[in-house]
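Beneath this line is the structure, given in structure tokens, with notes to follow.
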Amino acid sequence: MKRVSAACIFQTLVFSQKPELGYSKEHALKYNRDEFERYKANLEYTKTRYQIDDTAEQEDGTLVVHVRKQYNDNSDVAEYFK
């Protein structure tokens, strides 16, 4: 029988706006940063363990974030968050 003893999700999230909306780079970047902050606040609210590995701003105002987060509450993820 197998069982999961630890699990973690590695994600690359892209926060961007549709080009046809015509946002300037500064406005798009501000909107994307705000959306990213709401995402983090939701993780905190749900008490999901997470770690931001990298955040990069692109020329068009897109925000690319690499994050690792806990898969579920039942598994120990300490080995993934060093």
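Here the structure is a predicted model, which is why all the values come from computation and not from measurement.
Across all their heavy atoms, D60 and A28 have their closest contact at O-CB, 4.1 Å.
When each of R68, Q11, K69, E44 is checked for a side chain to side chain donor-acceptor pair (under 3.5 Å) with Y50, only E44 meets the rule.
Residue L13 is grouped with residue L43 when hydrophobic side chains (ILVMFWY) are merged at heavy-atom distances under 4.5 angstrom, including chains of intermediate members. With hydrophobic clusters built from ILVMFWY side chains whose heavy atoms lie under 4.5 angstrom apart, V64 does not share a cluster with I52.
Taking L63 as the reference, F15, N32, R33, F36, T55, E57, V65 meet the side chain to side chain contact (heavy atoms under 4.5 Å, CB included) condition, with sequence neighbours excluded. Looking at residues two or more places apart in sequence or on another chain, you find no ring-ring contact (aromatic ring centres under 6.0 Å, His included) involving H66.
Note that OH of Y31 is 11.0 Å distant from OG of S16, once rounded to the nearest 0.5 Å.
Remark: side-chain polar atoms of T62 are not paired, donor with acceptor, to backbone N or O of Q58 under 3.5 angstrom.
By the 4.0 Å N-to-carboxylate-O rule, D34 lies too far from R38 to be salt-bridged with it. Look at E37 and K40 and you find a salt bridge, because one of the NZ, NE, NH1 or NH2 atoms lies within 4.0 Å of a carboxylate O, short of that distance.
Inter-residue side-chain proximity for Q51 and V67 is flagged as unmet; no heavy-atom pair is nearer than 4.5 Å.
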